[in-house]
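Proteins get letters first, then strands, A, B, ... in listed order; numbering begins at 1 in each.
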Amino acid sequence: MKKVAVAMSGGVDSAVAALLLRDSGYEVVGVTMSLGVDPVAGEKSKCGGLRESADAGDVCRVLGIPHRVVDVSSDLESKVIGPFITEYLRGWTPNPCVICNRLIKFGSLLNRVLNWGLDGLATGHYARIEKDGGEWFLRTPKDLRKDQTYFLHALPRKILPGVLFPLAEYTKNQVREIARKAALPVSDKSESQDICFIPRGGCAEFLHDRGVRVEPGEIVDQTGKIIGRHRGIACYTIGQRGGLGISSPHPLYVLAIDAARNRLVVGEKGELKSGGLIADRVNCLVGAFPEVAWAKIRYAHRPAKCRTRYREGSLTVRFDEPQEAVAPGQSVVLYDGSTVLGGGTIRQGE
RNA sequence: UGGGGCGUCGUCAAGCGGUAAGACACAGGAAUUUGGAUCCUGCAUUCGGAGGUUCGAAUCCUCCCGCCCCAG
């Protein structure tokens, strides 16, 4: 592999990824995905906006590599945003980043890049790809604090040979240091970003603008007693505490979302535990799921030991220790040590 | 309008003459490539109102207002 594209978001990580590849002898092209949305004045810039695209361009200039912008807005709309809205209607909590990685970044963008005649696509993800005994694996990076494999579990296994994660061996601090030393214009940009296609107003407003009925409804306790009102189901997710507006001796959390009745069921923290879950849209990154594995049910979740069963497209996970706030729509990702085994989309906790 | 009880932050609630706990909610921040969790900070110059007693009252007294209960 000699000629590669680096997906550049306009942030530090992808900038350093490009730098590292360039310095290790690759012929590098910077590619930035455009979502076709202009940032609102004064709003914090977001992935996919003009501002970020310009930053990426600046970095490429400093690095002396070409920069191309690819418009993925219609793809994003149909493959990510559409399903995102549909899932909210069902009372689920989608994870658009997982879908985007699979279908956009490592889907249409990767294809585009390959069509340009390049050999592969790199990103600034903190993750690792390794060839081991003739097989390719997705593994956790050196900086486990930043491990982003959770968001990458849905990549098709067969594309792994064409994917590079140059930051696999670096910590976030080292990355920033490298950026600073190289005087990259983005070296001290801030870390976080929310969902890239959700503008300032927040999720509820976005959904409303997209025609989703955001109707207030009842909040009930586990006995069915009405104890409050919610602002619309799409504003909540399982395990959520804030935003209920109900005072109680102990904090209340969303236990379940009943989309059919437009209701929220709430209860105390202890009630959030689930012994297991069922997932579908399963992606396997190894030959087969082992019976014992470690599962993450959210980003930044310490993997929980579990037993797995995969049958007819459905993955059943039983935790050794019950886990908190299993949320349909979120991903469950299975690990064996540093190896990502794959995962799926949670359909229900149980 | 006979008798009894109660009115302290949005809610629940300590306080019982010495200068307004706490919890929940809420707001802001930290953290974070989803949504959440979590953590930190803030949040009644004032105790239904008006007088009075006292060096000093949310705490004692008086009247008024508003609730609740038992009687009628």
Novice: Please table the atom pairs, donor to acceptor, closer than 3.5 Å between any side-chain atom in residues 250-258 of chain A and protein atoms at least two apart or in another chain.
Specialist:
unit_1, atom_1, unit_2, atom_2, d
Asp258(A), OD1, Ala260(A), N, 3.3
Asp258(A), OD1, Arg261(A), N, 3.1
Asp258(A), OD2, Arg261(A), NE, 3.1

Novice: Which ones in residues 327-339 of chain A lie close to RNA chain B, meaning a heavy atom under 4.0 Å from one of its atoms?
Specialist: Ala327(A), Gln330(A)

Novice: For Asp320(A), check salt bridge (charged side-chain N to carboxylate O under 4.0 Å, His left out) against everything at least two apart and list the hits.
Specialist: none

Novice: Could you pull out all residues at least two apart from Arg22(A) that satisfy salt bridge (charged side-chain N to carboxylate O under 4.0 Å, His left out)?
Specialist: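 Scan of Arg22(A) (salt bridge (charged side-chain N to carboxylate O under 4.0 Å, His left out), adjacent residues dropped) gives none.
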
Novice: List in numerical order all residues of residues 226-238 of chain A for which some heavy atom is under 4.0 Å away from an atom belonging to RNA chain B.
Specialist: Thr237(A), Ile238(A)

Novice: Provide the full list of ring pair (Phe, Tyr, Trp, His ring centres under 6.0 Å) pairs with a residue in residues 258-290 of chain A, sequence neighbours left out, each pair given once.
Specialist: Phe289(A)-Tyr310(A)

Novice: How would you list, by chain and number, every residue that makes a salt bridge (charged side-chain N to carboxylate O under 4.0 Å, His left out) with Glu268(A), sequence neighbours excluded?
Specialist: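 Residues passing salt bridge (charged side-chain N to carboxylate O under 4.0 Å, His left out) with Glu268(A): none at all.
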
Novice: Identify which nucleotide among C24(B), U32(B), G35(B) has an atom closest to any side-chain atom of Arg298(A), counting heavy atoms from C-beta outward.
Specialist: G35(B)

Novice: Under the side-chain hydrogen bond (donor to acceptor under 3.5 Å, both in side chains) rule, collect the residues that match up with Asp132(A), sequence neighbours excluded.
Specialist: Arg139(A)

Novice: Pick out the pairs of N or O atoms, protein on one side and nucleotides 9-12 of chain B on the other, that lie under 3.5 Å.
Specialist:
unit_1, atom_1, unit_2, atom_2, d
U11(B), O2', Ser247(A), OG, 3.3
U11(B), O2, Ser247(A), OG, 3.4

Novice: With sequence neighbours left out, write down each residue that passes side-chain hydrogen bond (donor to acceptor under 3.5 Å, both in side chains) with Asp221(A), or none if nothing qualifies.
Specialist: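 Testing Asp221(A) for side-chain hydrogen bond (donor to acceptor under 3.5 Å, both in side chains), a comparison that skips the adjacent residues, returns Thr223(A).
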
Novice: List the residues meeting salt bridge (charged side-chain N to carboxylate O under 4.0 Å, His left out) with Arg210(A), not counting sequence neighbours, and say none if there are none.
Specialist: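 Applying salt bridge (charged side-chain N to carboxylate O under 4.0 Å, His left out) to Arg210(A) gives Glu77(A).
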
Novice: Output side-chain donor-acceptor pairs under 3.5 Å for residues 147-163 of chain A, partner residues at least two apart or in another chain, one line each.
Specialist:
unit_1, atom_1, unit_2, atom_2, d
Asp147(A), OD1, Thr149(A), N, 2.8
Asp147(A), OD1, Thr149(A), OG1, 2.7
Asp147(A), OD2, Thr149(A), OG1, 3.2
Gln148(A), OE1, Tyr126(A), N, 2.8
Thr149(A), OG1, Tyr335(A), OH, 2.8
Tyr150(A), OH, Ile297(A), O, 3.4
Tyr150(A), OH, Ser331(A), N, 3.2
Tyr150(A), OH, Ser331(A), O, 2.7
His153(A), ND1, Tyr150(A), O, 3.0
Arg157(A), NE, Leu285(A), O, 3.1
Arg157(A), NH2, Glu135(A), OE1, 3.1

